[in-house]
Amino acid sequence: MIHTAMPAEGPLAGTVRVPGDKSISHRAVLFAAMAEGTSRLTGVLDSADVRSTLNAVAALGAVVDVSRGHGHGLDVTVTGWGERGPREPDSSIHCGNSGTTCRLLMGVLASWPGTFTLDGDDSLRRRPMLRVTDPLTLMGATFATTEGHLPVTVSGAALRALRYESPVASAQVKTAILIAGLRAQGVTTVIEPAPSRDHTERLLPAFGVGVGRDAGSRACWVEGPEALQASDVSIPADPSSAAFIAGAAVVVADSRVRMTSVALNPTRTGFLRVLERMGADVETVVGNATGAEPTGTVIVGYAVGLHGTTVRADEIASLVDEVPLLAVVACAATGVTRFDGVSELRVKESDRLAAIADGLTALGATVRAGEDWLEVDGPARLHGARLSSLDDHRLAMAWAVAALTADGPVEIEPWEAVDVSYPSFAEDLASLGAR
Ligand code: S3P
């Protein structure tokens with residue numbers, strides 16, 4: 001489907017509650033499936049990626065009941081497989097577009113007897129899997145990959161504990177190892193080069209499992225064997241989705257938008273710190289925590305005099321999914337905006353560094369991209385254009401934000417990519433006054 005995003009005719013204003021957090025939704029569903037007993041999850045993101053996780057755990061024997069919640073998102077009841085373990089499904093498990101689903105599942109399945117095959121769509125089949133299968137192999141599981149990619153067959157085994165210095169700051173890698181470590185004898189530790197999102201460390205205790213952490217050494221650990229117990233989990237709004245609404249407000253003159261119940265976990269809110277540094281008007285009002293996640297209202301407004309900034313390599317993990325949006329905002333700022341240490345973007349749902357450079361250039365901006373850096377010159381006068389989303393949800397939404405300041409419509413295809421994380425994005429933007 002082609003989506004035609006129109007230039008803004010006036011300021012954006014109003015309040016939105018963006019959908020539930022994708023990372024926390026995946027973890028809540030997986031932990032509930034692993035647990036003994038029945039968990040009740042509320043505010044679960046209703047999106048293609050989370051549906052992949054729900055379908056996967058159902059295929060593996062968890063009993064899943066999904067209903068449209070009375071509040072936001074889905075109400076999901078999961079009765080886990082607990083000590084019985086997952087059952088071997090008749091066919092391969094299709095993870096769709098979701099890297100989190102397949103990489104976390106590798107950690108879940110590594111310790112159980114049986115053979116499980118994981119597969120995904122064309123985009124997921126291009127993404128690297130050895131970053132997860134290598135450490136899990138050191139723990140004792142066996143993987144047959146397709147030259148380091150999906151389809152991957154996991155043969156589970158009794159695992160050894162592991163102390164692992166991860167070469168990448170990846171919460172998916174960290175989580176897969178910690179989950180596997182829960183069924184190994186002894187302490188399994190992951191040390192990261194930079195702190196990645198810490199939802200696993202925050203959520204496992206709700207399922208009765210202790211997680212050790214040392215911020216100074218960027219280490220976290222579990223001591224196995226440990227069994228998860230069912231828990232009730234409520235899920236706050238996704239800051240990565242809120243980022244697109246915030247970015248829209250920053251670039252459209254005189255806009256001011258409020259986003260409620262947003263997860264304000266500092267491992268996720270790097271984009272707010274960068275927007276503030278660029279001169280945007282950003283206010284956060286911390287409210288009651290949602291479980292172990294700090295949560296609050298984010299108010300973002302347009303400010304005159306937006307300027308470029310350098311986003312350092314050590315900041316990237318805290319905004320890794322927000323670089324496409326920040327690059328669009330950089331087009332409205334005066335001066336150069338530079339991103340360092342962004343090679344991970346080359347192995348996301350698309351090669352996002354190449355895609356940002358191509359898309360913004362087609363819109364009329366001046367962009368330079370190296371192997372692991374990106375520079376955007378601003379201010380740029382953006383023109384209407386027809387752009388591919390490359391089936392990447394974050395690119396589709398970034399192009400829609402760019403359209404707000406362009407001198408003509410931006411046609412985005414395929415638009416359905418947004419279903420992966422934020423199916424109601426166009427409606428939410430329209431509710432604030434966008435066309
Ligand atoms: C995620 C971690 C990030 C992020 C992805 C979701 C998670 O990936 O890009 O959208 O839920 O753990 P990496 O951990 O590979 O950086």
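Numbering of ligands and ligand atoms starts at 1, following listing order.
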| task | On the 0 to 90° scale, with breaks at 30° and 60°, tag the F31-F207 ring pair as parallel, tilted or perpendicular. | result | perpendicular
| Do D321 and R197 sit within salt-bridge range, that is, some charged N less than 4.0 Å from a carboxylate O? | yes
| query | Does any N or O atom in S170 lie less than 3.5 angstrom from one in ligand 1, N or O only? | reply | yes
| Would you say A171 and ligand 1 have an N/O pair spaced under 3.5 Å apart? | yes
| query | If you count the non-hydrogen atoms of other residues, nucleotides and ligands that lie under 6.0 Å from CZ in R163, is the total more than 12? | reply | no
| said: Regarding R368 and D377, does a basic nitrogen lie under 4.0 Å from an acidic carboxylate oxygen? | reply: yes
| message | What I want to find out is whether R268 reaches E293 closely enough, with some N-O distance under 4.0 Å, to be called a salt bridge. | response | no
| task | Evaluate the side-chain proximity of T405 to C331: yes if any heavy-atom separation is below 4.5 Å, no if none is. | result | no
| field | Nearest protein heavy atom with distance in Å, relative to atom 1 (C) of ligand 1 | value | Q172 NE2, 3.6 Å
| Looking at D119, T117, T146, T115, which hits side chain to side chain donor-acceptor pair (under 3.5 Å) with T153? | T117
| field | Protein contact of atom 2 (C) of ligand 1 - nearest heavy atom, named by residue and atom, plus distance | value | R197 NE, 3.6 Å
| message | Show the atoms of ligand 1 that are less than 4.0 angstrom away from any heavy atom in V320. | response | 9 (O)
| So, does K174 sit close enough to ligand 1 that a heavy atom of it is under 4.0 Å from the ligand? | no
| task | Assess R183 against W112: is NZ or CZ under 6.0 Å from the centre of the six-membered ring, and within 45 degrees of the ring's axis? | result | yes
| said: Any atom of ligand 1 sitting under 4.0 Å from a heavy atom of H199? | reply: no
| message | Holding to side-chain hydrogen bond (donor to acceptor under 3.5 Å, both in side chains), I want the full list of residues that pass it with E413, two or more places apart in sequence or in another chain. | response | R386
| note | If we number the atoms of ligand 1 from 1 as shown, the ones under 4.0 Å from a heavy atom of T100 are 1 (C), 6 (C), 7 (C), 11 (O)
| Which option, E344, H26, K348, owns the non-hydrogen atom nearest atom 16 (O) of ligand 1? | K348
| query | Based purely on interatomic distance, does R394 place a nitrogen or oxygen under 3.5 Å from a nitrogen or oxygen of ligand 1? | reply | no
| note | closest protein heavy atom to atom 12 (O) of ligand 1 is R27 NH2, 2.7 Å
| Nearest-contact summary for atom 10 (O) of ligand 1 - protein heavy atom, Å | D321 OD2, 2.9 Å
| message | Tell me the protein heavy atom at minimum distance from atom 11 (O) of ligand 1, and give that distance in Å. | response | S23 OG, 2.7 Å
